[in-house]
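What follows is a set of notes on a single structure, which appears directly below.
Chain A is the first sequence line, chain B the second, and so forth, proteins listed ahead of strands; every chain is numbered from 1.
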Amino acid sequence: MMYNPQKIEQKWQKIWEKEKLVEAVDFSKKSKFYALVEFPYPSGEGLHVGHAFTFTLMDIFARKKRMEGKNVLYPMGWDAFGLPTENYALKTGIHPKVVTQESTDRFKEQMKRLAFDYNWNREVNTTDPNYYKWTQWIFEKLFKHGLAYKKEMDINWCPSCKIGLANEEVVDGRCERCGTKATKKKLSQWLLKITAYADRLADELDLVDFPESVIASQRSWIGRSEGIEISFPLSETERVIPVFTTRPDTLFGTSFFVLAPEHPQLKELIKPEHKKEVEKYIKEAKEKMELERIAETREKTGVFTGSYILNPLSGEKIPIFVADFVVMTYGTGAIMGVPGHDQRDWEFAKKHNLEIREVISGGNIKKEAYPGEGKLVNSGKYNGLFFQEAKEKIYEDLKEKGLARKRIEYSIRDWIFSRQHYWGEPIPMIFCQNCAQKGITFWDTEEGKNFKSLFKISEGLAGWFPVPENQLPVELPEVEKYEPTGTGKSPLAAIKDFVKTKCPFCGSEALRETDTMPNWAGSSWYFLRYCDPKNDHSLADYKKLQYWMPVDIYLGGAEHTTLHLLYSRFWHKFLNDIGVAPGKEPYLKRKTHGLVLGENGHKMSKSRGNVITPEDVKDLGMDALRIYLMFLGPYNGTFPWSTTGIKGVRRFLERFWGWALSQIERKNKESEKEIKILVNRLIKEVGEDIDNFKFNTAVAKLMKFLNEVKGKRISKNDLVNVLKVLAPFAPYITEELWEKLREEFSIHKQSWPEYDSELIKEEKIILIIQINGKVRDKIGVEAGISEKKAKETALSSLKIQKRIKGEKIKKIIFVPEKLINIVL
RNA sequence: GCCGCGGUGGCGGAACUGGUUUACGCACAGCACUCAAAAUGCUGUGGACGCAAGUCCAUGUGGGUUCAAAUCCCACCCGCGGCACCA
């Protein structure tokens with residue numbers, strides 16, 4: 001009988017649909033396992049083999065866990081808010097809701113064809129009002145707890161998409177999506193105080209099993225830096241200007257002082273004779289900023305203000321400059337210039353002929369700044385101290401004078417949460433002009449007064465009220481035009497019925513917020529919703545969350561290590577703080593998957609025309625596709641697609657099919673011992689490979705096994721075990737052969753076979769005989785051979801005798817079960 | 001510049017708790033089947049020299065540790081990813 005994968009696929013897909021295989025059962029006594037793979041954005045083009053790669057990895061892993069008897073939660077859903085859908089709607093006039101429905105239907109059908117065995121009864125969709133009701137609910141909680149605030153600010157703006165961008169969405173100064181150069185625009189934006197969780201987001205990475213690279217990326221994104229704030233007294237007034245430094249030990253090396261062009265105290269320090277020059281510089285710096293001053297040459301420009309500041313310990317008079325290499329967004333917007341021990345300061349000093357003073361010995365400061373360690377010199381009473389010690393001492397002395405305090409700086413910024421688009425969750429807030437004028441905030445209302453906020457409430461929120469919870473969700477209204485207005489307002493602003501509402505506090509006319517949330521919002525908590533996807537009363541039942549959470553293994557893309565992963569950890573920690581989600585961390589273990597490139601080695605994209613979809617290889621069969629994708633290489637690698645490669649896998653399945661059928665016909669009673677050993681080893685090794693995410697070598701072992709047993713007889717029992725081991729990889733062919741064996745439906749409800757550990761013990765080993773570490777002979781010997789016997793065997797080898805003739809044996813090294821090395 | 005990961009045949013990759021380098025597959029070559037081709041099967045395939053048995057050399061480069069290094073250490077080169085006037 002010919003192997004006809006398409007026929008088999010159609011047959012079993014129908015049966016699996018009707019007769020459910022395995023469900024995830026809430027509160028089952030079996031031990032739970034939560035296997036999660038990042039849910040996709042259902043693009044109009046459908047699923048390609050890159051998606052298939054990722055999903056197959058987890059599908060095999062989850063199937064194995066089920067076979068091991070675990071109660072596996074293995075869900076799928078749709079991260080469906082987003083620009084492409086909106087853009088498509090813009091072009092065609094079809095409602096994004098309709099487009100999304102079509103796309104998700106298509107994805108789902110493709111996933112079913114690929115035999116991804118998800119718990120479809122737990123499907124979630126971020127664009128479903130019953131889902132985003134809770135996304136909005138979380139936002140309101142963030143607001144009430146002081147973690148959401150509004151701020152007039154310069155935001156990154158994409159002139160092409162006409163949308164505000166988060167810092168994370170600007171890559172090399174360009175819009176992450178369309179590549180247009182980002183500009184700045186002043187808009188009033190909602191921000192989330194992720195900075196309040198910066199320490200925990202960094203520290204609690206110790207609690208989870210994430211790849212080293214992910215931890216490093218997250219820590220560097222958070223960018224914690226511990227230092228002190230030193231106040232420098234101005235020479236002419238009583239006032240001080242603080243700086244942030246991690247190197248107080250270099251204080252005596254300060255030969256200049258720099259303020260950022262935007263520094264609030266700058267104006268009063270400009271002396272009349274420098275006014276023209278300084279104001280010109282500030283103006284230029286501002287313009288430069290708009291043209292991205294980062295990308296420009298890093299020449300250390302700057303001008304003298306005419307004013308001086310005093311070294312807080314030595315009293316030395318220090319000139320104050322303004323320079324744009326100092327930025328207002330980090331530290332205090334002012335620095336102490338220590339050219340001897342900071343490269344940027346060194347360059348600035350060179351350019352402006354300022355003194356470069358050595359205060360830490362060990363480098364050659366004539367050539368370059370020395371940022372390393374050493375003893376203090378030229379530092380008065382601190383001379384001779386090691387820099388670490390000096391840090392402490394100087395800090396103590398400054399603190400005594402009230403001129404220093406410990407300070408931690410982060411490079412992470414608060415999360416800009418407003419988007420000026422239609423296809424996103426409406427931010428559920430109402431602005432009341434009447435209350436705003438009276439300075440009334442949510443926390444002045446009856447509800448607000450009784451509300452215990454976990455964090456300090458930001459100012460400037462007068463007149464802003466969350467939509468009462470019983471009115472959630474704030475549904476997206478129908479609109480005629482999806483175009484962003486380009487004025488900085490979302491298309492929702494044009495819908496009067498939507499915008500006009502009543503103030504929940506005073507009842508007078510009020511306006512709804514018309515911005516929507518970024519597409520990171522819905523994905524920041526979806527893993528919780530899978531645990532209880534249809535709950536109307538809460539985002540998920542706490543008991544169910546306690547049962548299923550945390551996610552045991554989370555597979556996702558490298559592009560999400562600093563954004564999605566950080567945002568969702570932040571939300572989870574917050575939800576834990578307010579008692580609606582258990583556990584400090586949502587994900588126990590994170591794995592980063594690789595990428596399948598087009599056949600030409602470039603990233604698959606419609607515009608490059610190198611996209612391969614499952615449909616393109618349907619003749620070869622989905623089992624072949626699954627196995628081929630696993631066989632490409634390690635799960636985290638990047639590989640070009642190869643059509644000849646997948647044909648090789650198809651040949652393997654073809655041979656397997658033929659071999660298995662002939663075994664079924666023959667009805668062998670017993671396998672030879674040698675075959676039994678091979679089967680038992682296969683069970684062990686493939687099982688371990690799956691556990692270790694080594695799917696490529698698991699496939700290699702299956703292929704090797706077939707090569708070794710081809711043409712040989714195997715008992716039914718052994719064949720059954722081989723099928724079970726192959727089943728997670730190739731669900732269709734194994735189900736079909738299972739049926740031919742007249743076994744009870746379905747192979748996918750079976751448990752993972754056990755192996756006989758006695759049987760697979762090696763009886764014979766190949767003893768490697770080396771001379772001076774080079775392999776000179778290999779002899780088959782019994783396992784567990786003694787050192788004495790091994791030596792005898794080695795020395796009796798003719799090849800060895802020839803080589804050691806006339807030489808003196810210095811020593812012989814024996815490694816049990818492995819080798820013997822004769823040193824001459 | 002800093003942080004993380006990597007560099008093994010013509011290609012994707014195995015082997016990394018130090019102990020047979022190149023598993024498995026692709027590609028290629030020869031043979032069989034065929035009028036022929038495709039498909040399939042069998043055999044071969046790291047490099048150099050050799051008719052051969054065989055010998056020597058090979059895991060980015062250069063050193064080191066060790067009886068023994070793809071694996072550990074040092075320096076350097078290259079590639080990928082992240083961060084970056086961060087004070």
Side-chain angles (χ1 to χ4, degrees), chain A residues 171 211-225 227 229-230 243-247 250 258 260 293-294 296-301 323-327 329-338 341-345 347-348 371 409-412 558-559 561-562 592 595 601 627-628 631-634 636-649 651-652 654-655 658 694 696-707 710-711 765-778 799 809-824:
Chain A
V171 178
E212 203 49 51
S213 60
V214 172
I215 290 185
S217 283
Q218 291 216 355
R219 289 226 161 100
S220 97
W221 187 266
I222 294 163
R224 177 162 62 189
S225 157
E229 191 181 290
I230 303 177
V243 300
F244 173 74
T245 180
T246 53
R247 293 297 301 272
T250 64
V258 186
R293 73 187 190 203
I294 311 148
E296 299 298 314
T297 53
R298 300 194 170 192
E299 212 181 335
K300 299 291 175 291
T301 59
D324 66 4
F325 76 89
V326 175
V327 294
T329 48
Y330 190 82
T332 62
I335 62 151
M336 54 186 226
V338 186
H341 306 282
D342 180 285
Q343 192 55 28
R344 281 161 311 159
D345 296 351
E347 282 163 28
F348 188 82
E409 270 297 308
Y410 304 90
S411 48
I412 192 171
E559 70 275 22
T561 47
T562 43
T592 309
L595 204 60
I627 294 180
Y628 169 65
F631 190 49
L632 279 169
N636 56 0
T638 303
F639 321 93
W641 172 267
S642 154
T643 301
T644 53
I646 187 173
K647 282 184 182 152
V649 173
R651 277 198 283 271
F652 161 70
E654 203 102 40
R655 282 196 295 264
K694 293 172 75 173
N696 55 328
T697 55
V699 173
K701 279 160 192 167
L702 286 159
M703 289 173 165
K704 195 176 180 185
F705 172 80
L706 184 63
N707 292 342
K710 214 167 23 175
I765 57 144
I766 292 174
L767 185 71
I768 305 302
I769 303 167
Q770 299 182 330
I771 293 175
N772 291 339
K774 294 205 168 177
V775 180
R776 293 305 180 194
D777 202 3
K778 302 168 191 179
K799 281 183 189 169
I809 295 173
K810 268 203 210 147
K811 66 172 158 177
I812 297 178
I813 287 154
F814 174 68
V815 182
E817 309 292 287
K818 284 239 165 79
L819 59 73
I820 192 154
N821 188 13
I822 302 163
V823 186
L824 298 181

Under 3.5 Å on both distances, the Watson-Crick or G-U partner of rG62(B): rC74(B)
Sugar-phosphate, base or nothing in reach of Phe639(A), heavy atoms under 4.0 Å: sugar-phosphate
Neighbour count >12 (heavy atoms, 6.0 Å) for atom NZ, Lys818(A): no
Touch class at under 4.0 angstrom, heavy-atom based, for Asp345(A) against every strand present: nothing
Complementary nucleotide for rC31(B) - Watson-Crick or wobble, under 3.5 Å: rG41(B)
Asn707(A) side-chain proximity, nearest of rC24(B), rG19(B), rC67(B): rC24(B)
Same-atom distance (P) from rA48(B) to rA58(B), integer angstrom: 15 Å
Nearest-nucleotide 5' precedence on RNA chain B, Asn696(A) against Met703(A): Asn696(A)
N-glycosidic conformation, rG9(B) - syn within 90 degrees of 0, else anti: syn
Rounded distance in Å between the P positions of rG60(B) and rG6(B): 13 Å
Geometric class of the Tyr628(A)/Trp641(A) ring pair [parallel <30°, tilted 30-60°, perpendicular >60°]: perpendicular
Test side-chain contact (heavy atoms from CB on, under 4.5 Å) applied to Asp777(A) and Ile820(A), Ile769(A), Leu767(A), the passing residue: Ile769(A)
Separation of the C1' atoms in rC56(B) and rU40(B), to the nearest angstrom: 40 Å
Interatomic distance at P, rA15(B) relative to rC33(B), whole Å: 40 Å
Candidates rC5(B), rG82(B), rC3(B) - which lies nearest the side chain of Ala216(A): rC3(B)
Nucleotide nearest Asn821(A) (side chain, heavy atoms from C-beta), chosen from rC26(B), rG19(B), rG82(B): rG19(B)
Nucleotide forming a Watson-Crick or wobble pair with rG12(B), both distances under 3.5 Å: rC24(B)
Whole-Å C1' distance, rU22(B) and rC67(B): 25 Å
Sugar-phosphate, base or nothing in reach of Lys647(A), heavy atoms under 4.0 Å: nothing
Nearest-angstrom distance, C1' atom, rA27(B) to rU20(B): 27 Å
Sugar-phosphate only, base, or nothing, as touched by Lys778(A) at under 4.0 Å among non-hydrogen atoms: base
Base rC85(B) to side chain Lys300(A), donor-acceptor N/O within 3.5 Å cut-off: yes
Donor-acceptor under 3.5 Å (Arg344(A) side chain, Val326(A) main chain): no
Distance-only donor-acceptor test, Gln343(A) side-chain atoms vs rG1(B) base atoms, 3.5 Å: no
rC83(B) pairs with, by Watson-Crick or G-U criteria that keep both distances under 3.5 Å: rG1(B)
Sugar-phosphate only, base, or nothing, as touched by Ile335(A) at under 4.0 Å among non-hydrogen atoms: base
Nucleotide nearest Phe325(A) (side chain, heavy atoms from C-beta), chosen from rG12(B), rU20(B), rC85(B): rC85(B)
Among rC86(B), rG12(B), rA87(B), the one nearest Ser411(A) by side-chain distance: rC86(B)
Sugar-phosphate, base or nothing in reach of Arg219(A), heavy atoms under 4.0 Å: nothing
Whole-Å C1' distance, rG82(B) and rA14(B): 29 Å
Side-chain donor or acceptor of Asp345(A) paired with backbone N/O of Val338(A) under 3.5 Å: yes
Nearest-neighbour nucleotide for the Arg344(A) side chain, rG12(B), rC3(B), rC85(B) considered: rC85(B)
Nearest to side-chain heavy atoms of Arg776(A), which nucleotide of rA27(B), rG82(B), rC56(B): rC56(B)
Closest to the Ile768(A) side chain, choosing from rU20(B), rA87(B), rC5(B): rU20(B)
Nearest-nucleotide comparison on RNA chain B, the residue closer to the 5′ end among Gly633(A) and Gly223(A): Gly633(A)
P atoms of rC11(B) and rG7(B), separation to the nearest Å: 15 Å
